[in-house]
Engineer: 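The structure under discussion is supplied below as structure tokens; questions concerning it will follow.
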Amino acid sequence: MTTMKKELRNLKLFTGNANPELAQEIAEYLGVKLGAAKVQHFSDGEISLIIDESVRGSDAYIIQPTCTPVNDNLMELLIMIDALRRASAKRITAVLPYYGYARQDRKSRGREPITAKLVANLITKAGARRVLAMDLHAQQIQGFFDIPVDNLFGLPILAEYYKHKETENLVVVSPDMGGVARARNLAAQIGVPLAIIDKRRPRPNVSEIMNIIGDIEGKEVILVDDMIDTAGTITNGAQALMDRGAKCVDACCTHAVLSGPAIERIEKSPIQELVTTNTIPMGDKKCDKIKVLSVAPIIGEAILRIHLDNSVSELFE
């Protein structure tokens with residue numbers, strides 16, 4: 001047995017039904033097999049789970065984005081954590097390529113829940129001892145956990161793609177003031193200028209463009225966000241940029257939620273290409289404008305480093 005195989009023999013990877021394709025890619029990157037777990041449903045909709053191999057003393061990782069159907073995938077994650085804890089796994093890490101319920105991370109008005117904190121409590125109480133996430137909607141969500149949290153970033157993957165794409169006179173644009181740090185980071189990695197769309201949001205999933213800060217006239221534009229849900233913000237932003245003289249508009253994000261009218265809006269919009277990652281499976285959401293990049297190598301490398309007690313932050317240096 002090689003040294004690496006000896007080091008990984010105690011590592012166990014499991015997945016629910018949220019994104020088994022990504023889990024398989026991560027397993028192949030690490031050179032291990034996915035753990036034997038059967039996630040099914042009783043006739044009334046309750047989740048039935050069987051871990052079909054020994055996990056006693058193991059370092060177990062559950063790869064389960066809490067994407068659509070959010071509640072089913074979250075319950076699968078919690079039940080799997082509970083099963084592994086009761087089966088005497090030594091350490092359980094919840095690997096969340098996409099962290100659902102993250103958008104309600106504070107009270108913006110009276111009598112609102114903070115669901116990002118609630119989900120953190122549920123994951124911790126179920127028995128997870130570490131969380132590995134990607135592009136959390138807000139950095140402060142790491143502080144909602146009382147266990148270690150590693151937050152990976154999708155921007156290096158997106159930046160690498162654009163570095164090798166033929167472009168000229170490029171500018172990166174943030175679709176709102178809240179995403180300026182993200183857009184600035186991508187612009188710095190590619191080595192291009194930054195612009196910002198100033199908008200207001202009168203109600204959830206509705207946005208209005210107010211102004212554009214920066215020079216975009218005659219330039220190729222990349223709109224960047226952490227997630228695209230109904231695609232209203234990104235498509236309205238793309239149209240506003242074209243109306244104000246942009247040569248063309250591409251868009252990119254880490255999490256392609258793409259709910260409701262998103263696909264139709266993207267197809268009808270001036271966006272030439274939407275680049276995203278596979279943190280959330282595309283399923284039957286088909287669109288010729290969408291290009292999907294894999295996050296399996298970066299998540300796989302992070303799992304390996306956690307398992308071997310090496311630095312995860314070195315991935316971003």
Side-chain angles (χ1 to χ4, degrees), residues 1-40 47-67 73-74 76-99 123 126-135 147-154 156-157 254 277-282 292-316:
M1 184 181 293
T2 65
T3 302
M4 182 55 73
K5 285 185 177 180
K6 286 181 180 179
E7 290 177 333
L8 296 182
R9 64 185 176 185
N10 203 36
L11 186 151
K12 301 277 188 179
L13 290 184
F14 293 93
T15 183
N17 292 317
N19 199 342
E21 294 83 6
L22 174 58
Q24 183 58 49
E25 285 186 44
I26 294 170
E28 290 173 2
Y29 177 87
L30 291 169
V32 300
K33 291 183 178 181
L34 284 175
K38 296 177 182 176
V39 186
Q40 299 172 321
I47 295 167
S48 167
L49 170 70
I50 298 174
I51 303 294
D52 220 7
E53 63 180 80
S54 174
V55 295
R56 184 176 297 274
S58 67
D59 188 15
Y61 297 79
I62 305 169
I63 301 162
Q64 181 81 344
T66 49
C67 51
N73 289 331
L74 177 58
E76 282 186 13
L77 172 66
L78 298 175
I79 291 170
M80 192 170 287
I81 292 171
D82 183 74
L84 292 171
R85 178 174 61 85
R86 295 176 186 276
S88 300
K90 185 177 181 180
R91 180 175 65 181
I92 303 166
T93 299
V95 181
L96 304 170
Y98 172 72
Y99 186 82
I123 291 170
R129 289 297 167 260
R130 192 178 195 102
V131 167
L132 177 61
M134 173 159 276
D135 270 344
I147 56 177
V149 177
D150 292 298
N151 185 30
L152 304 176
F153 300 101
I157 298 170
T254 303
T277 74
N278 60 345
T279 57
I280 297 173
M282 292 300 294
V292 181
L293 309 176
S294 180
V295 297
I298 192 169
I299 293 179
E301 185 62 27
I303 289 173
L304 179 61
R305 286 169 177 263
I306 292 169
H307 178 68
L308 299 178
D309 293 323
N310 293 332
S311 172
V312 175
S313 61
E314 287 180 359
L315 286 172
F316 309 108

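No experiment lies behind these values; they were computed from the predicted model shown. No hydrogens, no waters, no symmetry mates; every other heavy atom, side chains included, goes into these values.
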Engineer: Taking Thr279 for its side chain and Pro65 for its backbone only, find out whether a donor-acceptor pair lies under 3.5 Å.
Structural biologist: no
Engineer: Within a strict 4.5 Å, meaning less than it, do heavy atoms of the Cys67 and Asn19 side chains meet?
Structural biologist: no
Engineer: Between Ile147 and Arg130, is there a side-chain heavy-atom distance shorter than 4.5 Å?
Structural biologist: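 No, too far: nothing below the 4.5 Å cut-off.
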Engineer: Which atom names give the shortest non-hydrogen contact between Ala128 and Ile81, and what distance separates them?
Structural biologist: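 Smallest interatomic distance, heavy atoms only, reads N-CG2, 3.4 Å.
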Engineer: How about Leu304 and Leu8: do any of their side-chain heavy atoms sit closer than 4.5 Å?
Structural biologist: yes
Engineer: Quick one: pull up CD1 in Ile51 and CD in Glu53 and give me the separation to the nearest 0.5 Å.
Structural biologist: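 The distance works out to 8.0 Å.
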Engineer: Got a donor-acceptor contact below 3.5 angstrom from the Asp135 side chain to the Gly154 backbone?
Structural biologist: yes
Engineer: Sequence neighbours left out, what passes side chain to side chain contact (heavy atoms under 4.5 Å, CB included) with Leu13? Give chain and number order.
Structural biologist: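 Once residues adjacent in sequence are excluded, the partners of Leu13 under the side chain to side chain contact (heavy atoms under 4.5 Å, CB included) criterion are Leu11, Ile26, Ala27, Leu30, Val32, Leu34, Tyr61, Ile63, Ile303.
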Engineer: To the nearest 0.5 Å, how far apart are CG in Leu49 and CD1 in Ile79?
Structural biologist: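 Nearest 0.5 Å value for the CG-CD1 distance: 7.0 Å.
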Engineer: Which distance, rounded to the nearest 0.5 Å, do you find between the CD1 of Ile306 and the OG1 of Thr93?
Structural biologist: 5.5 Å
Engineer: Is there a side chain to side chain contact (heavy atoms under 4.5 Å, CB included) between Gln40 and Ile50? Walk through the geometry before answering.
Structural biologist: CA-CA 9 Å; Gln40 299 172 321; Ile50 298 174; 5.8 Å; no
Engineer: Over all heavy atoms of both residues, which pair between Arg129 and Arg91 is shortest? Give the atoms and the distance, please.
Structural biologist: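 Heavy atoms only, the tightest pair is CB-CG, 4.1 Å.
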Engineer: I want to check something: taking the side chain as every heavy atom from C-beta on, are Met80 and Gln64 in contact at a cut-off of under 4.5 Å?
Structural biologist: no
Engineer: Do Glu76 and Asn17 pass the side-chain hydrogen bond (donor to acceptor under 3.5 Å, both in side chains) test, and can you show the C-alpha distance, the side-chain angles, and the key distance before you say yes or no?
Structural biologist: CA-CA 8 Å; Glu76 282 186 13; Asn17 292 317; 3.0 Å; yes
Engineer: Determine the minimum heavy-atom distance between Ala87 and Val55, stating which atoms define it.
Structural biologist: CB-CG2, 3.4 Å
Engineer: For a 4.5 angstrom cut-off between non-hydrogen side-chain atoms, does Met134 reach Val295?
Structural biologist: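 Counting from C-beta outward, Met134 and Val295 do come under 4.5 Å.
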Engineer: Below 4.5 Å, heavy atoms only, C-beta onward: do Glu25 and Asn278 meet side chain to side chain?
Structural biologist: yes
Engineer: Contact between Leu96 and Ile123 at the side-chain level, heavy atoms closer than 4.5 Å - yes or no?
Structural biologist: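 The answer is yes, as the side chains (C-beta and beyond) meet within the 4.5 Å cut-off.
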Engineer: Of the non-hydrogen atoms in Ala60 and Ala89, which two are nearest, and what is the gap between them?
Structural biologist: CB-CB, 4.4 Å
Engineer: State, yes or no, whether a side-chain contact exists between Asp82 and Leu78 at a heavy-atom distance under 4.5 Å.
Structural biologist: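 A side-chain contact under 4.5 Å is absent here.
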Engineer: Which heavy atom in Ser294 sits nearest to a heavy atom in Ala296, and how many Å separate them?
Structural biologist: OG-N, 3.1 Å
Engineer: Among Leu152, Ile157, Thr277, Ile280, find the one that has a side-chain contact (heavy atoms from CB on, under 4.5 Å) with Thr254.
Structural biologist: Thr277
Engineer: Could you give the distance from CG (Leu315) to CZ (Phe153), rounded to the nearest 0.5 Å?
Structural biologist: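 Reported to 0.5 Å precision, the distance equals 11.0 Å.
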